[in-house]
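Chain naming here is simple, since letters A, B, ... match the order of the sequence lines and numbering starts at 1 in each.
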Protein chains: 2
Amino acid sequence: MSHTYEYPRPALTVDCVVFGLDDDDLKVLLIQRGVEPFQGRWALPGGFVRMDESLDEAARRELEEESGIRPGHLEQLFTFGEPERDPRGRVVTVAYFALVKLSAHTLRAATDAREAAWFSVWDTPKLAFDHADILTTALQRLKGKVRYQPIGFELLPPKFTLTQLQRLYEIVLERELDKRNFRKKILAMDLLEELDEVEQDVSHRAARLYRFDHKKYRQLEKAGFNFEL
Amino acid sequence: MSHTYEYPRPALTVDCVVFGLDDDDLKVLLIQRGVEPFQGRWALPGGFVRMDESLDEAARRELEEESGIRPGHLEQLFTFGEPERDPRGRVVTVAYFALVKLSAHTLRAATDAREAAWFSVWDTPKLAFDHADILTTALQRLKGKVRYQPIGFELLPPKFTLTQLQRLYEIVLERELDKRNFRKKILAMDLLEELDEVEQDVSHRAARLYRFDHKKYRQLEKAGFNFEL
DNA sequence: CCAAAAGTGTTTCACTTACACCCATGA
DNA sequence: TCATGGGTGTAAGTGAAACACTTTTGG
């Protein structure tokens with residue numbers, strides 16, 4: 001056996017910051033810890049990386065196990081490795097950042113988690129470990145990334161109105177947008193498929209529904225197009 | 001001892017992609033491996049994370065040990081954790097991205113490294129492990145980041161000419177820039193201190209020297225200013 | 001008919017781009 | 001005096017921002 005094995009090793013975990021959009025609020029998925037340390041506290045879903053799985057696979061597996069969620073978008077966020085971040089000893093965690101269509105998922109708690117629930121990102125309970133830092137980092141990433149990559153659509157149902165889309169951006173970016181300019185710009189990109197359907201069950205004029213055209217986006221992307229809001 | 005210790009653990013390393021600017025070429029620091037696996041191959045400087053140091057500290061330490069370099073800018077890049085990336089077994093590596101003033105450093109090899117040397121990023125030898133992927137990722141990050149954060153200055157000497165600065169951007173972004181527009185824009189930001197000095201030992205009109213004003217940048221940044229080239 | 005949100009164009013202003021010549025210096 | 005890069009301004013075009021009223025629908 002080579003010298004790889006001569007050194008003591010930190011434990012390695014993954015933790016996931018999963019965002020969902022609930023009409024007028026940006027939510028984050030938290031699980032209540034069923035074991036020490038921080039028993040009873042809310043924390044990000046996550047757990048130990050197995051020897052035979054990649055980091056991405058570990059993130060997906062833990063998310064599925066602890067909440068039943070399979071995210072539409074998942075990307076690595078940052079790796080947190082301060083020596084004192086876990087009272088059990090040295091634990092380095094690779095944090096992930098995920099987006100889900102909230103409407104399409106029912107939560108189910110399992111494994112080490114007592115309970116899983118959605119919280120407003122602006123109003124979370126006190127979190128275990130350094131998970132508050134991780135959440136802050138993820139929020140920054142979301143705010144930065146949503147403007148130059150079309151990942152926001154992963155938070156909406158497959159068919160959505162332009163008003164829903166605009167509200168999504170207003171919530172994430174924390175500022176108001178001009179309706180006419182927003183529609184002009186987003187439609188000019190030619191990434192939305194205009195459907196022959198309107199929203200249902202509203203007590204006012206029903207808005208037209210649109211669908212994000214992934215295929216067209218990939219084409220334009222290859223041709224040098226850059227999404228930017 | 002809690003369940004933290006029930007699982008086998010991947011080994012954890014850090015690897016550094018260190019960029020330097022050599023007049024007309026972007027360079028990356030590589031070390032020649034003195035031990036198996038990949039003995040004799042060139043690789044990124046790096047090594048195992050110790051139990052009592054943070055990831056950032058590990059990156060700085062390994063860089064210092066293997067090349068004597070203390071970078072002006074160092075940030076975490078990405079964590080690579082494919083199960084098969086290291087033939088010795090499961091090794092997860094946290095990659096770092098660093099910028100140095102090439103002029104200010106003399107290389108000195110040490111530790112496991114047979115030799116350390118600068119290579120053009122466009123023309124590197126075949127690299128060990130998945131280090132070619134890491135290098136590609138780092139280059140993308142550099143190209144993206146240099147445009148909206150003033151980190152490029154870390155590649156130049158403390159006093160530089162506007163032509164040097166422009167050339168830096170042209171090299172990193174791989175496209176030509178208009179001289180007058182470049183100067184207009186960068187000077188309009190009011191981040192450069194115009195010195196009463198000119199470059200020396202040139203056989204033509206000597207260009208004025210400037211210095212990046214870190215303090216002013218931090219002020220403007222707080223006031224909501226965004227660097228963007 | 002009232003309330004609520006959908007939908008729609010134009011003007012102004014700022015910023016980006018394109019572009020060419022004279023100047024200073026050392027060899 | 002020649003070669004080399006340093007240094008400078010303007011005009012045209014493009015994209016961002018500001019802004020208000022009419023239409024549709026259900027209650």
Exercise. For A:V172 and A:K143, run side-chain contact (heavy atoms from CB on, under 4.5 Å): C-alpha distance rounded to whole Å, both residues' side-chain angles, the deciding distance at 0.1 Å, then the answer.
Key: CA-CA 6 Å; A:V172 171; A:K143 278 169 112 154; 4.2 Å; yes

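- Listed for the A:R208 side chain is a donor-acceptor partner under 3.5 Å among the backbone atoms of A:L195.
- One finds no salt bridge joining A:K216 and A:E193 here, because no Lys/Arg side-chain nitrogen approaches an Asp/Glu carboxylate oxygen to under 4.0 Å.
- Residues B:V17 and B:L142 have side chains not in contact (no heavy-atom distance under 4.5 Å, counting atoms from C-beta outward).
- When side chains are defined from C-beta on, B:L63 counts as touching B:L29, because their heavy atoms get closer than 4.5 Å.
- Protein chain A touches strand DNA chain C; the 5'-most and 3'-most nucleotides with an atom under 4.0 angstrom of its non-hydrogen atoms are C:dA4 to C:dT10.
- Using cut-offs of 30° and 60° for the angle between ring planes, the B:F182 and B:Y169 rings count as tilted.
- B:V94 has its side chain out of reach of B:V49: every pair of non-hydrogen atoms, C-beta onward, lies at least 4.5 Å apart.
- Separation of the B:Y210 and B:F212 ring centroids does not fall under the 6.0 Å cut-off.
- With DNA chain D read from its 5' end, the first of the two nearest nucleotides for B:Y210 and A:K185 is the one closest to B:Y210.
- Contacts of residues 166-182 of chain A with DNA chain D (heavy atom under 4.0 Å): A:D178, A:R180, A:N181.
- Checking side-chain atoms of A:E75 against main-chain N and O of A:F97 turns up no donor-acceptor pair under 3.5 Å.
- Annotation: side chain of B:Q200 is in contact with side chain of B:V198 (closest heavy-atom distance under 4.5 Å).
- Here the side chains of A:R175 and A:E170 are not in contact, with every heavy-atom distance at 4.5 Å or above.
- A heavy atom closer than 4.0 Å to some atom of DNA chain D occurs in no member of residues 222-229 of chain A.
- Reading DNA chain D from its 5' end, the first and the last nucleotide to sit under 4.0 Å from a heavy atom of chain B are D:dT4 to D:dT10.
- Of the possible polar contacts, none joining the A:D130 side chain to the A:D133 backbone as a donor-acceptor pair under 3.5 Å is found.
- Near-neighbour residues of DNA chain D inside residues 194-207 of chain A, defined by a heavy atom below 4.0 Å, number-ordered: A:V202, A:S203, A:H204, A:R205.
- Listed by chain and number, the residues in a side-chain contact (heavy atoms from CB on, under 4.5 Å) with B:A43 are B:R33, B:A128, B:H131 (sequence neighbours excluded).
- Comment: A:R61 engages A:E65 in a salt bridge, judged by a side-chain N to carboxylate O separation of less than 4.0 angstrom.
- Checked against the 6.0 Å centroid threshold, A:F80 and A:F78 count as a close aromatic pair.
- At a threshold of 4.0 angstrom between heavy atoms, the contacts of B:R183 include nucleobase atoms, whether or not backbone atoms are also involved.
- No contact: B:T161 has no heavy atom under 4.0 Å from any strand.
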